[in-house]
Amino acid sequence: MTKPVRVRFAPSPTGHLHLGNARTALFNWLFARHEGGTFILRVEDTDTARSTDESERMILDDLKWLGLDWDEGPGVGGEFGPYRQSERTGIYREHAERLLADGKAFTCYCSDETLDENRKRARDEGRVPQYDGACRHLSESERRARELDGVRPTIRLRAPDADIVVEDMIRGRVEFGKEMLGDFIILRSDGRPTYNFAVVVDDALMGITHVIRAEDHLPNTMRQQLLYSRLGYEPPLFAHVSLIVAQDRSKLSKRGGATSLQKLRREGFLPGAVINYLALLGWSHPEAKEILSREDLVGAFDLKRVSASAAAFDDDKLEWVNGHHLRESPLSIVVAAAKPFAVSAGFDSDDARFPAIVDLVREGLDRLSNLPGEIAPFYDRDFDLEPEAKEWISLHESRQMFAALADAFAAVPGKLDAAEFKSVLKSQGSALGLKGKALFMPARAALTGRTHGPALGSVAELLGRERVVSRCLAAAGDAERQ
RNA sequence: GGCGCCAUCGUCUAGUGGUUAGGACGCCGGCCUCUCAAGCCGGUAACACGGGUUCGAUCCCCGUUGGCGCUACCA
């Protein structure tokens, strides 16, 4: 009998949601959904200097955009709240005082300067910098004396004289020597908890069963493990996921392609594609499937198939995944995602033809930021001919064709659909001895101003007779002038 | 510096004590085609190095090298 799964994603609101964080959030969410468990969002804002409401808002917004909905946390509540650490200071203080009363922690009056000096000396001597224990055995009267001097103490946990073993679901057994661990601070002199302390208290109180987080927290786990036993709480299972690095193996932060969700959103990646790609970074489908829907991922996700080695972010593959999602997602979803890109480029996305235009151009799209360029020929605004298109129009053989074409298209009874367009084009072409490329390319150039694009018949149908005729006329005029 | 994690094609990865080391992206070529994409077919390319253990190591152990992380009253 196993406990129902409860996992959490616990970002610090100190910036945008980074890709590594996004993947950590995703793995937690996938695990929770796969196991039918609970996904909790907790905001770790104990660093009051760096945390901002704006940042928290952006991170929550990014998570929502990805579709990673949380069952407990900011905005939705839950019975284990509050879910912002800044609102839980009383809880941490109580726990620290309990440890103090039990003799498992002690107050420390050492100054920053003393601490810095000790650290420096230890490092110079090749030792692990750790607390020298100066305040460990202070008497009651000594402590009172320091208080009277106005020193605000920190609270330190008494470290044990024993090695610590961490059992990790992804990395196996990891041992840390006792010399690695000093009496570390759990409560700052201003009463705020330190990261390790707040995390353990919260994870324990919130009933977290699995801590899935990035590898950079592995060394912290040693301290947290100790905290669990000192506090008398049962520790959760740990799973440390690798970090994401840039193509050159350096940190993802500054170099390389897209590093933040914001950037990916701006470049026109679909949330489903981002999730799909992120999941593939460090996890693999048992049947090696690569294009997976949200439901596919939830169904197949398994911590056992998560890789232990760092993965490099690859723009090309993300684009490939996105291309698939762009082509295979329901049109309504793609259209909705495409609208902002069209609108910001000045194109009318309320045009009745818009969904059909998107449907047509999405075949050749790998990111929505390229959408404006692809849909431009369907609108009258800024319609212009590329140099290569002009060449096709001014070819001797095609020159004479446009006026005839304009008349022929204008004479078509009823709607000018793709089939009708093609049959008219072909019959007009054959009258002039033109067919195939020699026929279609000039026509394409005249109608779209481009030499590349979707099937010309479909393009013409969406353009509508009026535009087709007027562009043929314009081409006839251009050809004449040349 | 100390401690820890990691190491299969350029990249993401599968995999096993005995395999022609598999797939995907990219790249190259072909097919399709009015073009570009897409799609389909084919090609390219890897077990970091050195010791062990073993009849046999990509796989297990040790070391080296390299990458990354941690080393705070940051998270």
Side-chain angles (χ1 to χ4, degrees), chain A residues 10-14 44-47 49-51 85 108 110 112 115-116 119 122-130 152-156 166 168 170-172 174-177 179-180 182 184-196 198-199 214-222 240 242-243 245 247-251 277 280-291 305 307-321 323-324 327 361-366 374 392 422 425 435-445 448 450-457:
Chain A
S12 300
T14 56
E44 310 220 320
D45 55 354
T46 55
D47 185 350
R50 294 198 300 152
S51 300
Q85 291 187 329
C108 171
C110 295
D112 277 347
L115 261 17
D116 282 346
R119 239 189 313 271
R123 194 169 295 223
D124 289 346
E125 291 168 12
R127 290 182 291 112
V128 180
Q130 74 172 220
R152 306 257 317 216
T154 58
I155 297 180
R156 287 181 184 272
V166 173
D168 188 273
I170 295 174
R171 276 145 229 286
V174 183
E175 289 184 55
F176 295 94
E179 69 283 354
M180 294 302 296
F184 59 93
I185 294 175
I186 56 175
L187 216 62
R188 299 175 170 98
S189 49
D190 65 3
R192 287 152 51 228
T194 56
Y195 166 74
N196 286 116
V199 165
E215 188 187 359
D216 51 349
H217 287 294
L218 190 54
N220 283 325
T221 312
M222 155 181 73
H240 286 91
S242 66
L243 268 10
V245 296
Q247 281 93 331
D248 63 356
R249 301 263 124 200
S250 67
K251 264 177 285 184
Y277 175 70
L280 254 26
L281 225 44
W283 172 83
S284 60
H285 185 98
E287 290 156 40
K289 290 183 181 165
E290 307 249 14
I291 300 301
R305 295 190 66 85
S307 161
S309 48
F313 180 79
D314 181 8
D315 257 323
D316 287 336
K317 187 141 184 179
L318 206 215
E319 275 194 358
W320 175 75
V321 171
H324 271 276
R327 267 171 266 123
V361 302
R362 68 170 167 168
E363 293 300 319
L365 226 47
D366 48 21
E374 297 303 315
W392 277 103
K422 281 175 88 167
L425 179 64
K435 61 173 183 173
K437 199 169 181 172
L439 171 64
F440 276 81
M441 285 307 282
R444 172 179 293 286
T448 68
R450 314 280 179 84
T451 52
H452 303 308
L456 197 53

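Chain letters run A, B, ... following the sequence lines, proteins first and then strands; every chain starts at 1. Treat the numbers as computed from the prediction; the structure is a model and nothing was measured.
Taking atom C1' on both nucleotides, rU54(B) is separated from rU16(B) by 16 Å, rounded to a whole Å. Spacing of C1' atoms, rC3(B) relative to rU13(B), comes out at 30 Å, to the nearest Å. For the C1' atoms, the distance from rA57(B) to rG17(B) is 6 Å, rounded to whole Å. Comparing rG69(B) with rA14(B), their P atoms are spaced 22 Å from each other, to the whole Å. rU44(B) sits 14 Å from rC25(B) when the C1' atoms are compared, rounded to a whole Å. Spacing of C1' atoms, rA45(B) relative to rU35(B), comes out at 32 Å, to the nearest Å. Going from the P atom of rC61(B) to that of rA46(B) covers 26 Å, rounded to whole Å. Separating the C1' atom of rC47(B) from that of rG23(B) is a span of 16 Å, rounded to the nearest Å.
Rounded to whole Å, the distance from CD1 on I186(A) to C1' on rA72(B) is 16 Å. Atom pair N196(A):CG and rC70(B):P shows a separation of 13 Å (rounding to whole Å applied). Rounded to whole angstrom, the span from the CZ atom of R156(A) across to the P atom of rA72(B) amounts to 11 Å. What separates OH of Y195(A) from P of rC70(B) is a distance of 11 Å, to the nearest Å. As a whole-Å value, the separation of E287(A) CD from rG15(B) C1' is 16 Å. Between M180(A) atom CE and rG1(B) atom P there is a gap of 15 Å when expressed in whole angstrom units.
Each of D112(A) and L281(A) lies near RNA chain B, and the nucleotide nearest L281(A) is the one positioned closer to the 5' end.
Heavy atoms only, all atoms of each residue included: R152(A) and S189(A) are closest at NH2-O, 3.0 Å. Between R171(A) and E215(A), the shortest heavy-atom distance links the atoms NH1-OE2, 3.5 Å.
Candidate nucleotides rC73(B), rC3(B), rU13(B) were compared by shortest atom distance to the side chain of T154(A), and rC73(B) ranks first. Comparing atom distances between the L243(A) side chain and each of rC68(B), rC12(B), rA14(B) picks out rC68(B) as nearest.
Summarising the base pairing, rU11(B) is matched to rA24(B) through a Watson-Crick or G-U wobble pair whose two defining distances lie under 3.5 Å. rC73(B) is unpaired under the criterion used here, namely a Watson-Crick or G-U wobble arrangement in which both key atom distances are under 3.5 Å. Taking a pair to require two hydrogen-bonding distances under 3.5 Å in either a Watson-Crick or a G-U wobble arrangement, rC60(B) pairs with rG52(B). Nucleotide rG4(B) has rC68(B) as its partner under the Watson-Crick or G-U criteria, with both atom distances under 3.5 Å. Across all strands shown, the partner of rG39(B) is rC31(B), judged by Watson-Crick or G-U wobble contacts whose two distances both fall under 3.5 Å.
Contacts of R305(A) with the nucleic acid, taken as non-hydrogen atoms under 4.0 Å apart, involve only primed sugar atoms and P, OP1 or OP2. As judged by a 4.0 angstrom heavy-atom cut-off over every strand, N220(A) is placed among the base-contacting residues. If you check every strand for non-hydrogen atoms under 4.0 Å, H217(A) touches a base. No contact: G323(A) has no heavy atom under 4.0 Å from any strand. Within 4.0 Å (heavy atoms only), D190(A) reaches no atom of the nucleic acid at all.
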Look for any protein N or O under 3.5 Å of an N or O in nucleotides 5-9 of chain B and output each such pair with its distance, or none.
| unit_1 | atom_1 | unit_2 | atom_2 | d |
| --- | --- | --- | --- | --- |
| rC5(B) | O2' | R171(A) | NH1 | 2.4 |
| rC5(B) | O2' | E215(A) | OE2 | 2.6 |

* To do: Sugar-phosphate means primed atoms, P, OP1 and OP2; the rest is base. With that split, encode nucleotides 20-39 of chain B 5' to 3' as B, S or - using protein heavy atoms under 4.0 Å.
  => ---BBSS-------BBBSSS
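Put simply, T46(A) has a side-chain N or O that comes within less than 4.0 Å of OP1 or OP2 on rA75(B). For the pair S189(A) and rC73(B), the criterion of a side-chain N or O lying under 4.0 Å from OP1 or OP2 is not met.
The side-chain heavy atoms of Y277(A) and F313(A), taken from C-beta on, include a pair separated by under 4.5 Å. Using a 4.5 Å heavy-atom cutoff, the side chains of F184(A) and T154(A) are not in contact.
Atom NE2 of residue H324(A) and atom CD1 of residue I291(A) lie 4.5 Å apart, to the nearest 0.5 angstrom. In this structure, OG in S284(A) is found 13.5 Å from NZ in K289(A), a value given to the nearest 0.5 Å. To the nearest 0.5 angstrom, M180(A) atom CE is 13.0 Å from E175(A) atom CD. Atom CD1 of I186(A) and atom SG of C108(A) lie 12.0 Å apart (nearest 0.5 Å). For the atom pair L280(A) CG and D314(A) CG, the distance stands at 11.0 Å (nearest 0.5 Å). The distance from atom CD1 of I185(A) to atom OG1 of T194(A), rounded to the nearest 0.5 Å, is 7.5 Å.
The aromatic ring centroids of H217(A) and Y195(A) lie less than 6.0 Å from each other.
Taking only distance into account, the side chain of D216(A) never meets the base of rA75(B) through a donor-acceptor pair shorter than 3.5 Å.
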